[in-house]
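Only this structure's heavy atoms are used, side chains among them; waters, hydrogens and symmetry mates stay out. Lettering of chains follows the sequences in order, A, B, ..., and the numbering in each one begins at 1. Note that the structure is a prediction, hence the values are computed from the model and not measured.
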2 protein chains.
Amino acid sequence: MAVRPTLETVAQEAGVSIPTVSQVIRGTGRISEKTREKVLKAAKKLHYIPDGRAAAMRSGENREIGFVINQIANPFNAEVMSGVVELLEAEGYLVSILDTGDDAARQERHLEAFIRNGRGGLLWVPAQDTPERTFDLLRVQAIPTVTFMRPAGERYDHVGVRNAVATETATSHLADLGHHHIAYLGGTVMTLVRQRRILGYERVMKARNLGAPIVWPSIDTKLAGLEALRDLRQSHPEVTAIVCNGDMVALGACLGLQKAGLVPGRDLSVIGFDDIADAALATPALTTMAISPQKLGRKLAQVLLARIREPDMPTTVSEVSARLVIRDTTGPVPAGGTGD
Amino acid sequence: MAVRPTLETVAQEAGVSIPTVSQVIRGTGRISEKTREKVLKAAKKLHYIPDGRAAAMRSGENREIGFVINQIANPFNAEVMSGVVELLEAEGYLVSILDTGDDAARQERHLEAFIRNGRGGLLWVPAQDTPERTFDLLRVQAIPTVTFMRPAGERYDHVGVRNAVATETATSHLADLGHHHIAYLGGTVMTLVRQRRILGYERVMKARNLGAPIVWPSIDTKLAGLEALRDLRQSHPEVTAIVCNGDMVALGACLGLQKAGLVPGRDLSVIGFDDIADAALATPALTTMAISPQKLGRKLAQVLLARIREPDMPTTVSEVSARLVIRDTTGPVPAGGTGD
DNA sequence: GAAGAAAGATAGAACGATCTACCGAAGGAT
DNA sequence: ATCCTTCGGTAGATCGTTCTATCTTTCTTC
C-alpha cells in the first residue's frame with residue numbers, strides 16, 4: 001500500500017531542498033516563479049497533503065478546534081455547531097466534536113483526550129456537575145477556551161442567552177393572557193442557566209402578584225416531559241399554564257396533555273424554550289422563546305478567534321436575547337379554569 | 001500563563017532521563033519500583049499529559065479516529081455515534097466527529113482536514129454525490145476506512161442494513177393488511193441504499209400482483225415529508241399505504257395527513273424506517289422498520305479495529321437486519337378505499 | 001568595475017515523543 | 001577472581017515540519 005508522501009518525497013521529485021518545498025506550500029519566503037511551479041507540480045503528482053501535527057509541533061500553532069457538547073443529538077445544538085463550523089472552517093480551522101452526554105466523568109476523559117491530541121482551542125458546554133478539578137485541568141494546559149450556554153465563573157470567555165429576561169417575557173405573556181397559576185417545568189440540577197430562568201419566572205410571579213411559584217423538575221426529553229406533566233397536574237390541578245425549560249420538555253408536555261384528552265393552548269397553555277425545528281411543526285404548533293442558533297454559533301466562533309489572537313485580554317461575556325414566538329399552545333384561561 | 005509540561009520537564013523534576021519517564025508513563029521496559037514511583041509523583045505534580053501528536057509522529061501509531069457523517073442532528077445517527085464512541089474509547093481511541101451535511105465539496109474539505117491533522121482510522125457515511133476523486137484521495141493516504149450505511153464498492157469495509165429484505169417485510173405487511181396501491185416515499189438521489197430499498201418494495205409489488213409501483217421523492221426532513229405527502233395524494237389519490245425511506249419523512253407524512261383532517265393508520269397507512277425515539281412517541285405511534293443503532297455502532301467499531309490490526313485482509317461487508325415494529329400508523333384498507 | 005543590496009535557495013537545529021543500541025552495576029556460576 | 005547474565009537505566013537518532021542563519025548569485029548604483 002502507498003506510503004504517505006512527505007516534504008522530502010516532494011523535494012526529491014522536484015529536485016529542490018525541503019525548506020524550499022515548505023515555503024512554496026505555505027506561500028511564505030522568496031521563491032522564484034519557476035521553482036514554485038516545479039514544486040507545485042511535484043506535490044500535485046504525489047497527492048501531497050502536509051502533516052498538520054508535525055507542523056503544529058514545530059510552529060506551536062494549532063488549527064484544530066474541539067467542540068465539547070452535552071448532547072449532540074439535540075437539534076438546537078446541531079444548528080449551533082453548523083454555525084460554528086462554517087465560520088471557523090473559513091478561517092482554516094478544523095472543528096471536531098465530542099459528546100459528553102452530560103456525564104462529568106466522560107467529559108473529563110474527553111477533555112483529556114483533546115489535550116493529549118492537541119487542540120488549539122476549545123468550545124465547551126460544561127456538563128451539569130463538572131467538578132472544580134476539570135476546570136483546573138484545562139487551565140494548566142493554557143488552551144483558549146470559550147464556554148457556551150453554561151458559564152463557569154470568570155475563568156473563560158462566555159457566550160450564552162439572557163435567560164432571566166427571556167423567562168420574564170414568557171411568564172408575562174402568560175400573565176397577560178389572564179393566567180394566575182403558572183408553573184415552571186423542566187431541568188433537574190440547579191445549574192446557573194436554570195437558576196437564571198427560574199429567577200425571571202419568579203420575578204414576574206411576584207411582581208404581578210400571581211400564585212405561588214411552582215418549580216417542577218424533569219429531564220430534557222419528550223418522554224420525561226410527558227410523564228412530568230402528568231405528575232404535575234396531579235399535584236397541582238389549579239395550574240393553567242406552564243413555562244418550560246426547553247422545547248423538548250414542552251413538546252413532551254403537549255403530548256401528555258393530548259394523551260389525557262386535553263388540548264394544549266385551550267385547556268392548558270405551554271410555552272417552550274429554544275424554538276427547535278419541531279416546535280413549528282408540532283400540532284398544535286408550540287409557542288416558545290426563540291433563540292437563533294446560527295447567531296449563537298457565529299458569536300461563539302468570533303469570541304474564540306479573538307481569544308486565540310489575544311490570549312491575555314480579560315475574559316468577556318456575550319449574551320443574545322430570546323424572542324417570543326406566539327403560536328398555538330398559549331391562549332386565555334379556560335372557562336372552567338381557576339381565574340381565582 | 002503556565003507552559004505545557006513535557007517529558008523533559010518531568011524528567012528534571014524526577015531526576016531521571018527522558019526515556020525513563022517515557023517508559024514509566026507507557027508501562028513498558030524494565031523500571032524499578034522506586035524510580036517508577038518517583039516519576040509518577042513528578043508527573044502528577046506537574047499535571048503532565050503526553051503529547052499524542054508527537055508520539056504518533058514517532059511511533060506511527062495514531063489513536064485518533066474520525067467519524068465523517070452526513071447529518072449529525074439525525075437522532076438515529078447520534079445513537080450510532082454513541083455506540084461507536086463507547087467501544088472505541090474503551091480501546092483508548094478518541095473519536096471526533098464531522099458533519100458534511102451531505103455536501104460533497106464540504107465532505108472533501110473535511111476529509112482532507114482529517115488527513116492533514118492525522119487520523120488513524122475513518123468511519124464514513126459518504127455524501128450522496130461523492131465523486132471518484134474523493135475516494136482516490138483517501139486511498140492514496142492509506143487510512144483504514146469503514147463505510148457506513150452507504151457502501152462504496154469493494155474499496156472499503158462496510159457496515160450497513162439488509163435494505164431490500166427490510167422493505168420486502170414492510171411492503172408485505174401492508175399487503176397482508178389488504179392494501180393494493182402502495183407508494184414508496186422519500187429520498188431524492190438514487191443512492192445504492194435507496195435503490196436496494198426500492199428493489200425490495202418493487203419485488204413484493206410484483207410478486208403479489210399489486211398496483212404499479214409509485215416512487216415519490218422527498219428529502220429527509222419532517223417538513224419535506226409533509227409537503228411530499230400532499231403532492232403525492234394529489235397525483236395518486238388511489239394510494240392507501242406508503243412505505244417510507246426514513247422515519248423523519250414518515251412522521252412528516254403523518255403530520256401532513258393530520259393537517260388534511262385524516263388519521264394515519266385508518267385513512268392511510270404509513271410505515272417508517274429506522275425507529276428513531278420520536279417514532280414511538282408520536283401520536284399516532286409510528287409503525288416502522290427498526291434497526292438497532294447501538295448494534296450498528298458496535299459493529300462499526302469492531303470492523304474498524306479489525307482493519308487497523310490487519311490492514312491487508314480482504315474487505316468485508318457486515319449487514320444487520322431490520323425488524324418490523326407494528327404500532328398505530330398501519331391498519332386495514334379504509335372502507336371507502338380502493339380495494340380494487 | 002567595485003561595493004553594497006537584494007533575491008533565491010539551503011543547512012542545520014528544534015518541536016516532543018519513541019526506538020534501538022548500549023552501558024554500568026549487581027548477582028550467579030565456575 | 002573471572003566471566004557471563006540479567007537488571008535498570010541512558011545516549012542519540014528519528015518522525016515531518018518550521019525556524020533561524022547563512023550562503024551564493026545577480027542586480028544596482030556611483
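For A/R26, a side-chain nitrogen or oxygen approaches OP1 or OP2 of D/dT18 to under 4.0 Å. Residue A/Y48 has no polar side-chain atom (N or O) positioned under 4.0 Å from OP1 or OP2 of D/dG16.
A donor-acceptor pair under 3.5 Å links the side-chain atoms of A/R150 to the main chain of A/P126, judged by distance alone.
A distance of 7.0 Å separates CD1 in B/I97 from CG in A/L98, rounded to the nearest 0.5 Å. Here the straight-line distance linking atom CG of A/L305 with atom CZ of A/R309 works out to 5.0 Å at 0.5 Å rounding.
Summarising the geometry, the separation between CZ on A/R63 and P on D/dT17 is reported as 17 Å, rounded to the nearest angstrom. The CG atom of A/N62 sits 14 Å away from the C1' atom of D/dT17 (whole-angstrom rounding). Atom CD in B/E61 sits roughly 18 Å away from atom P in D/dC15 (whole-Å rounding). Regarding A/Q23, its CD atom lies at a distance of 13 Å from the C1' atom of D/dT22, rounded to whole Å. Note: CD1 (A/I25) to P (D/dT18) measures 9 Å, nearest angstrom. As rounded to whole Å, 15 Å separates atom C1' of D/dG16 from atom CG of A/L46. A/L7 places its CG atom 12 Å from the C1' atom of D/dC15, with the value rounded to the nearest Å. Rounded to an integer number of Å, the gap from CG of A/D51 to P of D/dT14 is 19 Å.
Contacts of B/S32 with the nucleic acid, taken as non-hydrogen atoms under 4.0 Å apart, involve only primed sugar atoms and P, OP1 or OP2. Heavy atoms of A/I31 sit under 4.0 angstrom from primed sugar atoms or phosphate atoms, though from no base atom. Across all strands shown, A/E8 has no heavy atoms under 4.0 Å from either base or sugar-phosphate atoms. Within the nucleic acid shown, B/T6 comes within 4.0 Å of sugar-phosphate atoms alone, with no base atom in reach, counting heavy atoms only. Backbone-only contact: B/T35 has heavy atoms under 4.0 Å from sugar-phosphate atoms and none from a base.
Residue-to-nucleotide proximity on DNA chain D shows that, of B/A54 and B/R36, the 5′-proximal contact is made by B/R36. Comparing A/P19 and B/K34 against DNA chain D, the residue whose closest nucleotide sits nearer the 5' end is B/K34.
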**Derivation and outcome, side-chain contact (heavy atoms from CB on, under 4.5 Å), residues A/D220 and A/N74** = CA-CA 10 Å; A/D220 192 31; A/N74 184 315; 4.1 Å; yes

**Request:** Show the numbers, then the answer: is there a side-chain contact (heavy atoms from CB on, under 4.5 Å) between A/N77 and A/N70?
**Result:** CA-CA 9 Å; A/N77 286 342; A/N70 60 324; 3.3 Å; yes

**Request:** Could you walk me through whether A/E108 and A/T134 pass side chain to side chain donor-acceptor pair (under 3.5 Å), step by step?
**Result:** CA-CA 6 Å; A/E108 188 161 332; A/T134 305; 3.1 Å; yes

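A donor-acceptor contact closer than 3.5 angstrom is absent between the side chains of B/E319 and B/H158.
Taking the 5' to 3' direction, DNA chain C first and last meets chain A under 4.0 angstrom from a heavy atom at C/dA7 to C/dG16.
Under 3.5 Å, the side chain of A/R58 and the base of D/dT17 form no donor-acceptor pair of N or O atoms.
A/R116 has a carboxylate O that lies under 4.0 Å from a charged side-chain N of A/E112, or vice versa, which qualifies the two as a salt bridge. Salt bridge A/R155/A/E132: present, at least one basic N to carboxylate O contact under 4.0 Å.
If one axis is set at each end of the helix from C/dG1-D/dC30 to C/dT30-D/dA1 from five pairs, those axes are 50° apart, to 10°.
In summary, of the residues considered (B/F67, B/F135, B/F114), a ring pair (Phe, Tyr, Trp, His ring centres under 6.0 Å) with B/W124 occurs for B/F135 alone.
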